Amino acid sequence: MTASEVNTFEHPVLLFDGVCNLCNSSVQFIIEKDPDSKFHFASLQSDIGQDLLNHFDANTGSLDSVVLIKN
């Protein structure tokens, strides 16, 4: 998946801080509550996470949170 494909992707993508224990726990919670795998995940630090943030003009240096990309 590339950043340009997200607009046509049928599932929401949740970007999360891969070094944050709270963010990782949140992702695990969502996975447990999402048996149909409607959400897809990528860490903010990953190549695709950085590509997505750049694609949507997000400030990649100050995010330490969770970002939902939908539609």
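This structure is a prediction, so every number in the text was calculated from the model and none was measured. For the single chain, residues carry numbers from 1 onward in sequence order.
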Hey, does [Y] have a side-chain heavy atom less than 4.5 Å from the side chain of [X]?
| X | Y | result |
| --- | --- | --- |
| L14 | V66 | yes |
| I69 | F56 | yes |
| V13 | F41 | no |

Identify whether L68 and I31 are in the same connected component of the hydrophobic contact network (ILVMFWY, side-chain heavy atoms under 4.5 Å). yes
Between [X] (side chain only) and [Y] (backbone N and O only), is there a donor and an acceptor less than 3.5 Å apart?
| X | Y | result |
| --- | --- | --- |
| H11 | K38 | yes |
| D34 | I30 | no |
| D17 | C23 | no |
| Q50 | L44 | yes |

Gap separating the CZ atom of F39 from the NZ atom of K70, nearest 0.5 angstrom: 7.5 Å
Give, for atom CG of L22 and atom OG of S26, the distance between the pair rounded to the nearest 0.5 Å. 4.5 Å
Considering residues at least two apart in sequence or located in another chain, which fulfil the side-chain contact (heavy atoms from CB on, under 4.5 Å) criterion with S46? A42, S43, I48
